[in-house]
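What follows is a single structure, written as C-alpha cells, with notes after it.
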Amino acid sequence: MIDRAFKLPPDATRAITALLLLGPWTPLLFQGQEFGASSPFLFFADVGDTAVRDAIRKGRAELLTPFLSLSEEETLKRLPAPDDPEAFSRCKLDFSEREKNRALYNLHIDLLKLRRDDSRFRDQKSDGIDGAVLGPTSFVLRYFSEANDDRLLLVNFGERQVLNPASEPLLAPPAGCRWETLWTSDSKGYGGGGTVATAGPYQWILPAESTVALRPVGKETSLHALHSHRITSG
C-alpha cells in the first residue's frame, strides 16, 4: 500500500521534485503524483484461486512489514484483499484535483517542458555531468557543453546557505560569462517565496529547501530573474 500524498513540507517537495525531473536519470512518477492525488495506490488483482490470493496477501505483508513498523500479522490484517473491488475503487484518480493543486501541477508541467526543450537538460549524457557536495544538505550538478552553454543545478534541502568563499570549481562560470537563474522551485507561481540564488564571484547564497537551475550569459547581458518569468506549457 502506497500513499501518494507526500508528507514533506511544500518547499522540500518542490525541491525534490525538481531534482527528480531534471536529474541525470529517467524520472518515474506514479499516476496522479503530478497533482498530489489524495487517493492511495493499493495493490489489487482479480485472482480467482484462493491459494494464489492468500499467497499474494502474505507476500505483500512480508514486503511491507519493515516499512510499516508492524508485525507481519498486524500488517496482514490491515492490508486490503487484492481481489476486493473496494481496493480498486479507492485507487481511482480524481482529476478535479489538478485544479485544486494547480501550483503543484504547474510545477510538473514546467519541469517536464524544461527537460524536453532546454539544450542541456534534454541531452543528459552520463559523461557530460559532474557533481560536488556544497554542504551537509546541499550539492551541485553541472551539465557540461562544448559551446559554453553549461547548466548548474543547485540543490539545497536545508536552511539558507551562504558559501563564502565559493571555492568549489564546478561553480565557476564559463569564460566571459556569469550565471543567470533559469528556473527556481521557490517561484511564487508554485507557492514559494520568490527567493532566488545569488551567484557572485566570491559569495553564493542558496535559498532554503530549493532547487535552482542556472545558465551562463555574457557579462553584458541584463539579468532576468525567473521568479518573474514562468516557463509556459504552450
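Computed from heavy atoms alone, side chains included, the values below leave out hydrogens, waters and symmetry copies.
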Do L206 and V212 have side chains that get closer than 4.5 Å, going by heavy atoms?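 No, their side chains stay 4.5 Å or more apart.
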So, do R116 and R122 sit near enough that their side-chain heavy atoms are less than 4.5 Å apart?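 They are not in contact (no side-chain heavy atoms under 4.5 Å apart), so the answer is no.
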Those residues that, when tested against [X], pass side-chain hydrogen bond (donor to acceptor under 3.5 Å, both in side chains) (two or more places apart):
{"X": "E99", "answer": "R102"}
{"X": "D49", "answer": "none"}
{"X": "S145", "answer": "none"}
{"X": "S69", "answer": "none"}

Backbone of [Y] reached by a side-chain donor or acceptor of [X] within 3.5 Å:
{"X": "N148", "Y": "P174", "result": "no"}
{"X": "S187", "Y": "T184", "result": "no"}
{"X": "W204", "Y": "L171", "result": "no"}

T198 and Q203 side chains, donor-acceptor separation under 3.5 Å: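 No donor-acceptor contact under 3.5 Å links the two side chains.
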Please list, chain by chain and in numerical order, all residues satisfying ring pair (Phe, Tyr, Trp, His ring centres under 6.0 Å) with F44, sequence neighbours excluded.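 Counting only residues at least two positions away or on another chain, F44 forms a ring pair (Phe, Tyr, Trp, His ring centres under 6.0 Å) with F88.
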Below 4.0 angstrom, N of the basic side chain to O of the carboxylate: do E73 and K77 qualify?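 Yes, charged N to carboxylate O under 4.0 Å.
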Any chain of hydrophobic side-chain contacts (each under 4.5 Å) joining Y105 to F95?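 Yes, one cluster joins them.
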Check which hydrophobic residues are tied to L76 through side-chain heavy-atom contacts below 4.5 Å, counting indirect links as well, and list them.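 For L76, no cluster forms, as it stays isolated from other hydrophobic side chains.
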Quick one: name the residues clustered hydrophobically with V162, using the 4.5 Å side-chain heavy-atom rule over I, L, V, M, F, W, Y, and just say none if it's on its own.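 Its cluster partners, ordered by chain and number, are I205.
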Any pair with a residue in residues 119-161 that passes ring-ring contact (aromatic ring centres under 6.0 Å, His included), sequence neighbours left out, goes on the list, sorted by first then second residue, please.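 Residue pairs passing ring-ring contact (aromatic ring centres under 6.0 Å, His included), neighbours aside: F121-Y143.
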In sequence, state the C-alpha distance, the side-chain angles, and the governing distance for E72 and T65, and then conclude on side-chain hydrogen bond (donor to acceptor under 3.5 Å, both in side chains). CA-CA 6 Å; E72 185 177 324; T65 291; 5.3 Å; no
Does R120 have any salt bridge (Lys or Arg N to Asp or Glu O under 4.0 Å) partners at least two apart in sequence or in another chain, and if so, which?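 Once residues adjacent in sequence are excluded, the partners of R120 under the salt bridge (Lys or Arg N to Asp or Glu O under 4.0 Å) criterion are D123.
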In chain order, what residues pass the salt bridge (Lys or Arg N to Asp or Glu O under 4.0 Å) check against E62, with sequence neighbours excluded?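 Listed in chain order: K58.
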According to the salt bridge (charged side-chain N to carboxylate O under 4.0 Å, His left out) rule, which pairs have a member within residues 10-23, sequence neighbours left out?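 The answer is D11-R14, R14-D186.
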Sort and list the pairs that fulfil side chain to side chain donor-acceptor pair (under 3.5 Å) and have at least one residue in residues 150-159, not counting sequence neighbours.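 Side chain to side chain donor-acceptor pair (under 3.5 Å) check on residues 150-159 returns D118-R151, S119-R151, T137-N156, R142-D150, D149-R151.
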